[in-house]
Amino acid sequence: MLKKLPVAVLIAIVLYVPGVPGADRPALPDGFVYLDLAIPDLVIDPRYTTEHNFVGTPIDGYRHGYTVLSAAGANALAEVQETLRPFGLGLKIFDAYRPQRAVDHFVRWGQDLREQRTKAHYYPDVDKRDLFKEGYIAARSSHSRGSTVDLTIVAHDDTGQGRELDMGSPFDFFGPISSPHSLKVNAHQRANRILLHMLMRAHGFAPYAQEWWHFTLQDEPFPDTYFDFPT
């Protein structure tokens, strides 16, 4: 399996195996890599290390600000990035592996109906008590299995900056408009969503019915394990 991985992913695996921390980074469990090392030209926006998320505070388990994914998932993402690169496009990652303690943090927030500070920005048309029923929050997340990513496509300008393509709704916006197949977005926005979905599916990722940004590697290496190591 390893000989099929891109060189950058192989280097990340070699440098960051259990018990061998490097560059002041925590060692990772076997089979995981740091995405910024595996695919250096990714744009990474780790929302859950900041207050810029639907909870409104940094999330438990996101200690160091690094973005981690299974090596198999990183390999597939590298192929997507390679496809986009010649067109001046690339991927922007919002979240990847998510510790179980972070999921538990989401659940506690979802159960606290008094806390509504972020409603206007993230779930204006959904009653908070329905976020579980509608599939936006769950006690178990595929992210914790290590091969799920939240992402979008960016267009790079001459300075190398990445501008997000217009997908019709922002990351982590809870509502029907965020469904990949929503007709509430215009044709241009639907085309951008189709581009993302076609590329991700072509490289082995399955989409999620409620969120255009959410994809899970179909042949994930840890389908029954929910990890809780911090990142």
Side-chain angles (χ1 to χ4, degrees), residues 12 25-26 28-29 32-39 42-78 80-81 90-110 118 121-123 131 135-154 162 164-165 167 169-174 178-180 193 196-197 199-200 203 205-217 220-222 225-231:
R25 300 186 185 215
L28 298 176
F32 284 85
V33 298
Y34 288 105
L35 272 181
D36 64 311
L37 298 177
I39 314 172
L42 284 177
V43 177
I44 298 180
D45 182 6
R47 296 289 182 88
Y48 298 138
T49 67
T50 73
E51 297 180 353
H52 187 198
N53 61 68
F54 65 88
V55 176
T57 188
I59 305 302
D60 293 353
Y62 290 86
R63 293 180 182 173
H64 309 290
Y66 298 120
T67 303
V68 171
L69 196 66
S70 71
N75 181 44
L77 273 189
V80 179
Q81 185 80 340
L91 296 174
K92 180 175 185 176
I93 310 296
F94 298 113
D95 194 31
Y97 159 71
R98 180 181 302 164
Q100 180 61 43
R101 70 192 73 181
V103 178
D104 296 341
H105 192 168
F106 291 167
V107 170
R108 291 194 303 273
W109 172 85
T118 64
H121 189 71
Y122 289 98
Y123 57 104
L131 292 178
Y136 299 113
I137 299 177
R140 288 289 185 97
S141 169
S142 61
H143 281 276
S144 300
R145 302 197 299 265
S147 298
T148 292
V149 290
D150 294 336
L151 78 175
T152 191
I153 297 174
V154 294
E164 292 181 27
L165 300 193
M167 297 291 179
S169 67
F171 165 64
D172 262 358
F173 184 87
F174 300 147
S178 291
S179 168
R193 292 185 181 190
L196 176 61
H197 278 242
L199 286 170
M200 295 298 286
H203 293 283
F205 288 91
Y208 181 54
Q210 277 74 25
E211 300 169 346
W212 60 258
W213 56 82
H214 178 118
F215 297 87
T216 299
L217 188 68
E220 56 182 314
F222 308 109
T225 304
Y226 291 81
F227 294 90
D228 193 35
F229 62 90
T231 63

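No donor-acceptor pair closer than 3.5 Å links the side chain of His214 to the backbone N or O of Asp150. Under a 3.5 Å cut-off, the side chain of His105 and the backbone N or O of Asp60 do form a donor-acceptor pair. Side chain of Ser179 to backbone of Ala209: a donor-acceptor contact under 3.5 angstrom is found. Panel note: side chain Ser178, backbone Phe173; a donor-acceptor pair is recorded below 3.5 Å. A donor-acceptor pair is defined here as one N or O able to donate and one able to accept, closer than 3.5 Å; such a pair exists between the side chain of Thr49 and the backbone of Pro46. A side-chain donor-acceptor contact under 3.5 Å links Trp212 to the backbone of Ser169.
Here Tyr122 and Trp109 keep their ring centres 6.0 angstrom or further from each other. Ring-centre distance between Tyr123 and Tyr136: not below the 6.0 Å cut-off.
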Evaluation steps, side-chain contact (heavy atoms from CB on, under 4.5 Å), between Tyr34 and Thr67:
CA-CA 6 Å; Tyr34 288 105; Thr67 303; over 6 Å; no

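Between Arg101 and Pro230, the shortest heavy-atom contact is NH2-CD, 3.9 Å. Between Ile39 and Ala78, the shortest heavy-atom distance links the atoms CD1-N, 3.5 Å. Of all heavy-atom pairs spanning Arg193 and Pro180, the tightest one is CD-O, 4.0 Å. The two atoms that bring Ala74 and Leu35 nearest to each other are CB-CD2, 3.9 Å, heavy atoms only. Taking each heavy atom of Ser147 and Phe205 in turn, the nearest pair found is O-CE2, 4.1 Å. Heavy atoms only, all atoms of each residue included: Thr148 and Leu69 are closest at O-CD1, 3.7 Å.
In this structure, CG in Asp45 is found 7.0 Å from OG1 in Thr50, a value given to the nearest 0.5 Å. Here the straight-line distance linking atom OG1 of Thr231 with atom OH of Tyr66 works out to 10.0 Å at 0.5 Å rounding. A distance of 5.0 Å separates CG of Leu151 from CG of Leu91, quoted to the nearest 0.5 Å. Note that CG of Asp36 is 5.0 Å distant from CD1 of Ile44, once rounded to the nearest 0.5 Å. To the nearest 0.5 angstrom, Gln100 atom CD is 12.0 Å from Phe227 atom CZ. The OG1 atom of Thr152 lies 3.5 Å from the CE atom of Met167; values are rounded to the nearest 0.5 Å.
Note on ring orientation: taking the six-membered ring where Trp is involved, the planes of His52 and His121 are tilted (angle from 30° to 60°). Using cut-offs of 30° and 60° on the angle between ring planes, the pair Phe229 and Tyr97 is parallel.
Every residue two or more places apart in sequence or in another chain that forms a ring-ring contact (aromatic ring centres under 6.0 Å, His included) with Tyr62 is listed here: Tyr48. Taking the side-chain hydrogen bond (donor to acceptor under 3.5 Å, both in side chains) definition, one finds that Arg63 meets it with nothing, sequence neighbours left out.
A cation-pi arrangement is not found for Arg47 relative to Phe171, the charged atom failing to lie both closer than 6.0 Å to the ring centre and inside a 45° cone about the ring normal.
Judged as a salt bridge (Lys or Arg N to Asp or Glu O under 4.0 Å), not a single pair has a partner in residues 135-144 (not counting sequence neighbours).
A 4.5 Å side-chain heavy-atom check between Trp213 and Asp172 finds at least one atom pair inside the cut-off. No side-chain heavy atom of Ile59 sits under 4.5 Å from any side-chain heavy atom of Arg98. Between His203 and Leu217, every side-chain heavy-atom pair lies at or beyond the 4.5 Å cut-off. Side-chain contact between His143 and Val103: absent, with no pair of heavy atoms (C-beta onward) separated by less than 4.5 Å.
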